Structures are given as C-alpha cells and as structure tokens.
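Order of appearance sets the numbers: ligands from 1, and atoms from 1 within every ligand. Just so we're clear, the structure is a prediction, and the values are computed from it rather than from any experiment.
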Amino acid sequence: MLNILLLGSGGREHAFARSLSMSPRCTKLFIAPGNAGTSRHGTNVNLSPNDFPGLKSFVLEQSIGLVVVGPEDPLVNGVTDFFSEDPQLRHIPVIGPSRAGAQLEGSKDFSKAFMKRNGIPTAAYATFTYSKLEEGYRFLETLKPPYVLKADGLAAGKGVLILEELEEAKQELKAMLGDGKFGKAGEKVVIEEFLKGIEVSFFVLTDGVHYKILPEAKDYKRIGEGDKGLNTGGMGAVSPVPFVDAAFVQKLEERIVKPTVQGLRNAQIPYCGFIFIGLMNVAGEPYVIEYNCRMGDPETEAVLPRIKTDFVELMQAVAEQKLDQIRLETDPRIAATVVMVSGGYPGNYEKGYEVTHLDRAGDTLVFHAGTTLSEGKTVTSGGRVLALTSLADTLEEALAASYAAAKAIQYDYAYYRKDIGRDLMLMDK
Ligand code: AMP
Ligand code: GLY
C-alpha cells in the first residue's frame with residue numbers, strides 16, 4: 001500500500017498525476033493543490049506546496065509514503081530538508097533535491113560556478129554586484145554582441161535579458177544592480193557570452209549516485225509564431241528531437257551528466273530528483289544554458305507519456321538509491337504537445353471562461369494547466385490553460401492530432417501557436 005502526495009498545479013503536475021495513478025503500486029494519490037485535470041487521477045487537496053506545516057499534518061493524517069515535487073519554489077524553499085530534518089517525516093522519501101541542490105536553479109551564480117568547478121561546458125561568464133558596476137561595464141566591453149544578462153535569483157522566467165547594443169546592456173545592468181529591476185533576484189547579475197545554436201531540453205533522473213537520461217524535448221518559449229514576441233512558460237513541445245542522435249547523447253552524458261551528478265556528490269549535496277538541463281547545441285557540441293531542479297513545463301507533457309516504465313517503480317528506485325536496477329523503457333513514437341492559453345497571456349488576460357468539448361479530443365491526451373472546477377464546470381483559471389499531447393509514428397501525424405483537438409476544444413479568447421514543430425519538419429535530419 002502506497003499513498004502518494006504530488007505537489008503543484010500545472011500541466012506538468014497533471015502529466016505526473018496521470019503517470020503515477022496508472023501504476024498498480026499507487027493506492028491513493030493526492031495533489032496539492034492540483035487543478036481540474038488532476039482531480040481525474042486523484043484527490044485535490046487545498047494546500048499550498050509552500051505551506052510546510054500544513055503538508056506535515058496532511059502527510060501524517062493520510063499515511064503518505066512518497067512525496068513528489070513538481071515546481072521549483074518549494075524545493076528552493078527547502079521542502080526536502082524540512083522532511084529530512086523532522087523526526088516524524090524523515091522516513092518519507094521526497095522526490096526533489098535539497099535546498100542546496102535546488103540552488104542549481106535558484107542561483108545562476110551558483111550554477112555557473114558549479115559548472116566551472118566541474119569542467120562542464122557552458123558560456124564564459126562573470127558575476128557582478130552593485131559595488132562592481134564599473135567592472136561590469138568593462139567586462140561587457142570585452143564581449144561581442146548580443147549581450148546576455150541574467151538576474152542571479154528566481155525571477156519567474158523573466159530574469160534573462162539578451163541585448164544587441166552595448167549602451168543598452170550597460171543601462172540594463174545598472175537597472176538590475178542599482179535600481180532593483182528584478183528586486184532581490186537581481187542583486188547579483190551574471191553576464192555571459194552569447195551562444196549561437198539550437199536549444200534542446202534534457203532531463204536526468206538521479207538518486208544521487210545513479211542516473212537515467214530521460215527522453216529529450218524541444219520547447220517553444222515565445223508567444224508568437226516564428227518564435228517572436230514575449231517569453232512564456234512554454235507554448236508547445238516535441239519529443240524526441242530529430243537532431244539529437246546517439247553521438248550527441250554520448251557527449252551530453254560524458255561531458256555534462258556524469259560530472260554534474262559527481263559534482264553534486266563531491267560537494268555533498270543530497271540530490272534525489274530531476275535535473276533539467278537546458279542545452280545549446282552549438283555545431284554539434286552541447287553547452288549548458290541553465291539547470292533547473294525540476295521537470296520542464298510543457299516538456300513533461302510530451303516526455304512522460306513516452307515513458308513506459310512503471311512511474312511509481314521509477315520514483316521508488318530513486319528513493320531507495322536503486323536506479324541502476326531499473327530498465328527505462330520508452331515509447332519510440334513522437335509526442336507533440338500544443339499549449340492552449342488565455343488571450344493576452346503572458347500579459348494581462350481574463351479568466352473564468354467555461355471550457356467545453358473536452359470530450360472531442362479523440363486519442364489526444366488533454367493535460368490541464370490553468371483550469372479549475374466551478375459548479376461542476378471546467379473554467380479557465382490561468383494563462384496556460386491546456387496542454388494537448390498526441391503520440392504518432394511521425395511528427396506530422398502527432399501535430400495534426402494535437403491541432404485537431406485544439407480546434408475542437410472551446411473557450412472564449414483561446415489562443416495557441418500554429419507552428420509548433422514546424423522548424424523540426426523543415427530541418428534536415
Ligand atoms: P535561462 O533562463 O538561463 O534558460 O535563459 C532564458 C533563455 O535565454 C534561454 O532559453 C535561451 O534561449 C536564452 N539564453 C540564455 N543564455 C544564453 C546564452 N548564453 N546564449 C544564448 N542564449 C541564451
Ligand atoms: N519549459 C521551460 C521550463 O519549464 O522552464
């Protein structure tokens with residue numbers, strides 16, 4: 001008997017809820033706080049993932065035997081340490097790194113220093129605080145445009161600026177360090193060399209000693225077609241990615257995955273969970289753009305449906321540090337995910353619109369992101385509303401099925417990009 005608590009409320013968590021609930025090992029699944037979609041796979045609990053005392057009471061009341069953490073903020077806030085330091089909770093495994101491990105995402109300066117120390121390929125960089133503003137200007141002058149400025153801390157995905165002009169880069173550096181443009185997150189700024197290439201998201205699951213490389217995905221971050229306009233949490237995903245071949249994965253494993261897991265061990269940083277490696281493929285060579293201490297969203301909605309291994313077994317192997325004993329089985333088909341959002345997102349948007357025709361999605365998996373149940377109806381409650389995933393033998397077929405579902409599902413002011421995966425279809429394999 002195993003009762004599981006999953007933390008989070010997005011499309012990623014709906015995909016986790018589906019995979020966990022499909023396992024015969026899962027007795028009861030609870031999702032805190034969940035959304036209208038997760039409630040189909042378990043019981044939503046009205047608790048914030050950051051309310052640690054609330055989680056403690058709930059976990060003890062419901063005899064929870066495994067906690068899976070979706071988003072980064074409870075990890076950066078130390079939910080894993082909270083469990084491991086509490087005598088009543090210590091025996092309950094949490095899938096998600098310690099606060100120290102979550103710094104791979106929580107601090108750009110930490111993650112860059114970690115990469116440098118462990119010889120992991122990444123863009124050249126330097127870190128500056130307000131007292132070193134002038135040195136920051138001098139460093140910018142040594143770089144070629146475009147200039148990449150990154151707020152050190154978590155800034156809801158908005159803390160990275162890419163600027164064409166040197167003067168503009170200097171002004172922005174001053175705005176971040178001197179005028180608090182990103183608040184505390186911008187008190188330190190990482191300036192780095194611009195890497196030219198194609199991005200791909202890799203996911204590693206580790207028990208702290210062993211690891212598995214999960215299927216990769218390509219994410220579509222901008223709101224507009226042709227990758228134009230504002231950055232969003234992600235407008236679509238495709239997995240696998242055609243330009244990722246065995247030679248590229250081998251480079252990734254040798255140069256990045258092994259030194260990352262070993263580097264965490266050497267630093268005695270406990271890490272049981274997912275490492276999301278944002279990579280740039282620069283002429284066939286992998287460079288780390290960023291680490292995240294969690295799975296990606298919407299990449300999870302494309303990746304998890306391709307994992308055939310019992311997902312609870314996989315999580316238990318992580319908890320027991322036996323990941324080497326698991327065979328990771330994946331579905332060779334292609335997953336294409338199209339995200340439906342609320343018109344206006346990532347800026348201001350209205351919510352509370354009823355979502356209808358959810359039953360017309362055919363075989364497409366409908367993952368809920370920003371939805372809630374209101375008087376028995378599913379209504380929009382966020383910017384990203386649904387993630388629609390289809391699996392097929394070709395990318396064309398998978399995309400066609402996801403787009404057919406997007407067309408069928410209705411709510412006011414729905415928007416989605418029509419060009420997800422198009423770049424991959426055009427690309428020579
Ligand atoms: P990050 O939050 O670090 O992933 O940065 C956000 C986005 O900025 C990335 O997904 C890349 O598209 C872009 N980016 C970040 N760092 C670099 C870099 N050094 N060179 C080129 N693009 C970058
Ligand atoms: N899709 C990018 C992220 O989850 O950060």
Side-chain angles (χ1 to χ4, degrees), residues 8 10-13 15-16 70-73 75-76 102 104-112 115 120-127 140 143-164 169 182 185-186 189-203 214 216-223 227-239 241 274-283 285-304 337-339 341 346 367 369 383-384 387 417 420 423:
R12 168 182 52 211
E13 285 72 25
F16 269 113
E72 65 279 13
D73 48 320
L75 296 169
V76 172
L104 281 185
E105 172 164 4
S107 165
K108 301 274 188 205
D109 181 43
F110 174 89
S111 72
K112 293 296 284 191
M115 287 185 252
I120 294 167
T122 186
Y125 83 106
T127 303
L140 280 170
L143 298 176
K144 285 198 277 273
Y147 304 92
V148 183
L149 305 184
K150 299 186 173 183
D152 174 59
L154 292 182
K158 298 190 174 74
V160 176
L161 300 177
I162 298 183
L163 305 153
E164 292 298 330
F182 294 112
V189 173
V190 169
I191 302 179
E192 62 180 46
E193 167 201 18
F194 182 82
L195 295 174
K196 204 167 159 38
I198 313 171
E199 280 184 77
V200 51
S201 306
F202 268 92
F203 303 97
L214 306 180
E216 77 285 356
K218 187 168 191 296
D219 174 25
Y220 293 79
K221 286 206 173 81
R222 306 291 192 98
I223 188 70
D227 247 339
K228 301 224 163 53
L230 293 174
N231 247 325
T232 72
M235 296 297 292
V238 171
S239 173
V241 178
F274 298 93
I275 310 175
F276 167 162
I277 306 176
L279 270 194
M280 192 70 90
N281 174 350
V282 183
E285 307 302 321
Y287 285 80
V288 179
I289 292 274
E290 64 164 349
Y291 288 113
N292 294 306
C293 60
R294 52 169 173 89
M295 286 293 290
D297 194 351
E299 291 98 321
T300 303
E301 293 93 302
V303 167
L304 258 51
T337 302
V338 172
V339 175
V341 304
F367 294 115
R384 287 193 290 179
R417 267 177 67 166
I420 302 304
D423 56 332

Proximity of F16 and F274 rings by center, below 6.0 Å: yes
Carboxylate-amine/guanidinium proximity below 4.0 Å for E199 and K218: no
Residue and atom name of the nearest protein heavy atom (relative to atom 2 (C) of ligand 2), distance in Å to one decimal: D219 OD2, 3.4 Å
Contact with ligand 2 for G233, non-hydrogen, under 4.0 angstrom: yes
No-hydrogen, no-angle side-chain donor-acceptor test under 3.5 Å, Y125 and D109: no
Whether K196 lies under 4.0 Å from ligand 1, heavy atom: no
Nitrogen or oxygen atoms of E299 and ligand 2 under 3.5 Å apart: yes
Closest approach of any protein heavy atom to atom 17 (C) of ligand 1, naming residue and atom: I289 CD1, 3.6 Å
Residue pair E301, R12: steps toward the salt bridge (charged side-chain N to carboxylate O under 4.0 Å, His left out) verdict: CA-CA 6 Å; E301 293 93 302; R12 168 182 52 211; over 6 Å; no
Test log, rule side-chain contact (heavy atoms from CB on, under 4.5 Å), inputs R222 and T232: CA-CA 6 Å; R222 306 291 192 98; T232 72; over 6 Å; no
Greater than 12 external heavy atoms within 6.0 Å of F182's CZ: yes
Any N/O pair L195/ligand 1 closer than 3.5 Å: yes
Contacting atoms of ligand 1, where contact means under 4.0 angstrom from a heavy atom of K108: 1 (P), 2 (O), 3 (O)
Short side-chain donor-acceptor distance under 3.5 Å, K112 and T122: yes
Validation row: V282, K196 side chains within 4.5 angstrom (heavy atoms): no
Per-atom contacts, ligand 1 versus M280 - under 4.0 Å to a heavy atom: 21 (C), 22 (N)
Location of contacts on E199 toward ligand 1, heavy atoms closer than 4.0 Å: side chain
Protein heavy atom at shortest distance from atom 1 (P) of ligand 1: E290 OE1, 3.5 Å
Nearest neighbour in protein (non-hydrogen) for atom 18 (C) of ligand 1: E192 OE2, 3.6 Å
Residue selection (non-hydrogen contact nearest atom 4 (O) of ligand 2) among D297, V339, N231: D297
Donor-acceptor contact below 3.5 Å, side chain T300 vs main chain D297: no
Per-atom contacts, ligand 2 versus G296 - under 4.0 Å to a heavy atom: 4 (O)
K221 neighbourhood, listing ligand 1 atoms whose heavy-atom distance to it stays under 4.0 Å: 10 (O)
Nearest neighbour in protein (non-hydrogen) for atom 5 (O) of ligand 2: R294 NH2, 2.9 Å
Taking atom 16 (N) of ligand 1 as the reference point, the nearest protein heavy atom with its distance: K150 NZ, 3.0 Å
Check: E13 side chain, G10 main-chain N or O, donor-acceptor pair, under 3.5 Å: yes
Nearest-contact summary for atom 7 (C) of ligand 1 - protein heavy atom, Å: V160 CG1, 4.5 Å
Ligand-side contact atoms (ligand 1) for residue partner I162, heavy atom cut-off under 4.0 Å: 8 (O), 13 (C), 14 (N), 22 (N), 23 (C)
pair L143-E192: side-chain heavy atoms closer than 4.5 Å: no
